[in-house]
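So that the names make sense, note that chain A is the first sequence line, chain B the second, and so on, each numbered from 1. Computed from a predicted model, the values in this text were never measured in an experiment.
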There are 2 protein chains.
Amino acid sequence: MDRTPLPLGRPRAERADAARNREQLLAVAREMVAELGADKVTMDGLAEGAGLGKGTVYRRFGTRAGIFHALLDDDEHAFQREVLAGPPPLGPGASPLARLAAYGRARIAFLTAHITIVRSALDHHRAVPAEGGSAFTQAHIRMLLGQAGTGVADLDSLTVQLTSALEGPFMIFLALPGAGPEPSADADAAFERRARPLGDSWQTLVDRVCRGA
Amino acid sequence: MDRTPLPLGRPRAERADAARNREQLLAVAREMVAELGADKVTMDGLAEGAGLGKGTVYRRFGTRAGIFHALLDDDEHAFQREVLAGPPPLGPGASPLARLAAYGRARIAFLTAHITIVRSALDHHRAVPAEGGSAFTQAHIRMLLGQAGTGVADLDSLTVQLTSALEGPFMIFLALPGAGPEPSADADAAFERRARPLGDSWQTLVDRVCRGA
DNA sequence: AGCTTAAGCGGACTTCACCCCGTTTATATT
DNA sequence: AATATAAACGGGGTGAAGTCCGCTTAAGCT
């Protein structure tokens with residue numbers, strides 16, 4: 001008889017201890033980020049804090065950036081769900097241009113809220129769209145531009161540039177106000193204050209870019 | 001008598017040995033970049049290759065990124081001179097919009113030509129406009145936008161976003177074709193092929209953004 | 001020419017990301 | 001329940017960035 005209790009085809013389910021350890025590591029990581037700031041989180045420290053070996057941390061997350069990527073993952077998925085199936089104008093139903101504007105504002109809010117982790121999740125050894133949230137941003141912008149009928153011939157290049165315009169400021173071009181690595185309420189507040197102007201500016205940008213042909 | 005052979009007021013001139021060593025280090029660095037690729041250049045290796053101590057390398061350049069920054073410096077200055085005092089449309093004389101377009105194309109060419117070093121010159125611990133070439137890009141774009149009379153209220157935010165749109169792709173958003181760290185003629189060629197479309201796209205972008213009011 | 005001193009120098013040291021591989025263990029099978 | 005096996009684990013090892021601090025020396029002074 002062939003009663004495989006697991007989905008066929010898949011090589012194997014995740015082992016129970018592995019799952020438990022991943023949760024444990026993420027919990028400890030979250031705690032360390034809150035307590036010490038993201039860039040005080042070391043692989044050794046995380047392993048020790050979780051009572052596990054360093055090798056285990058690497059098996060789970062592959063790289064330091066991977067930890068922060070995982071930390072972001074839940075929120076990122078919720079965000080993407082809103083975009084793909086939520087109410088308009090962020091979700092489907094509104095005009096492409098309206099969705100583009102709404103996406104920018106929402107993304108800016110998301111990045112602002114997660115700024116320290118977003119920065120730590122950058123893997124300096126590989127280009128960003130490879131795996132990160134920017135891949136989604138890029139794909140979504142690309143789709144909306146296509147629907148909007150901008151009259152632009154080379155949508156690929158435009159997409160890359162708009163993605164940069166949207167996410168670049170957070171990744172590299174905007175100095176963190178506090179400059180210090182510790183999480184500071186002041187820094188957060190100052191960053192919030194920048195979020196709205198950037199959102200407005202994004203709106204202007206896409207309005208004008210799409211008003212072509 | 002008071003015949004100071006050195007500029008007064010300045011604390012002290014650079015010592016001769018220091019200058020000699022800096023040249024030496026830069027020469028060795030250039031050689032290592034050409035021979036091994038930028039990310040095989042280590043501080044230890046550089047020091048040893050130059051026959052100097054590691055402390056000296058750090059005194060001169062402060063950080064690994066500093067080396068590449070210094071390597072870029074000459075060309076960067078030449079580039080800036082062209083922009084500030086060269087012939088139009090890159091230099092002064094043309095309309096702001098024409099200069100903006102020309103600047104983008106020129107900057108893309110510059111970044112393309114220096115791509116590996118540009119990437120190595122990124123300091124992941126501080127935001128880019130702080131010291132790098134992007135500060136100049138940002139200032140220049142800001143000035144031209146002001147002159148162009150775009151009708152946009154918040155030029156600061158727009159400037160940050162356009163700077164990101166221009167330089168972001170090279171810094172982080174564009175995967176290097178070869179993916180390998182060694183300098184490959186193929187990778188360079190593939191990168192060149194992306195430069196022109198990006199330039200065209202930049203032209204469209206600024207055309208449309210400025211055609212506002 | 002000798003003296004003073006601040007700048008320059010060097011390399012041991014620390015910290016951290018990431019690798020490796022022998023050992024342990026959860027799970028499926030019998 | 002016993003066994004087989006692939007996955008998970010752990011922690012020592014490696015390479016590189018960046019720091020420290022006592023020694024050396026170039027450059028100005030008398």
Check your understanding: Taking only residues two or more places apart in sequence or in another chain, which ones pass salt bridge (charged side-chain N to carboxylate O under 4.0 Å, His left out) with B:D156?
Key -> B:R142
Point to revise | Partners passing salt bridge (charged side-chain N to carboxylate O under 4.0 Å, His left out) against B:D44 (at least two apart in sequence or in another chain) | key: B:K54
Listed by chain and number, what are the side-chain contact (heavy atoms from CB on, under 4.5 Å) partners of [X], not counting sequence neighbours?
X	answer
B:Q203	B:A101, B:R105, B:D207
B:S157	A:P197, A:L198, A:S201, B:D154
B:E48	none

Check your understanding: Would you say the side-chain atoms of B:W202 pair up with the backbone N or O of A:L158, donor to acceptor, closer than 3.5 Å?
Key -> no
Exercise for review: Could you identify which residues of residues 51-66 of chain A place a heavy atom less than 4.0 Å from some atom of DNA chain D, listed by residue number, or say none?
Suggested key: A:L52, A:G53, A:K54, A:G55, A:T56, A:R59, A:R60
Exercise for review: Please list, by residue number, the residues of residues 18-28 of chain B whose heavy atoms come closer than 4.0 Å to an atom of DNA chain D; answer none if no residue qualifies.
Suggested key: none
Review point. Who are the side-chain hydrogen bond (donor to acceptor under 3.5 Å, both in side chains) partners of B:Y103, not counting sequence neighbours?
Key: B:T137
Practice item. Give every residue pair that meets the salt bridge (Lys or Arg N to Asp or Glu O under 4.0 Å) criterion with at least one member in residues 162-171 of chain A, sequence neighbours excluded. Key: A:R107-A:E167
Review point. Salt bridge (Lys or Arg N to Asp or Glu O under 4.0 Å): which pairs involve residues 16-33 of chain A, sequence neighbours left out?
Key: A:E14-A:R22, A:R15-A:D17
**Study point:** Residues that B:H114 engages under ring pair (Phe, Tyr, Trp, His ring centres under 6.0 Å), provided they are two or more places apart
**Key:** B:F110
Could I get a table of every N or O pair under 3.5 Å where one atom is in the protein and the other is in nucleotides 2-5 of chain D?
none

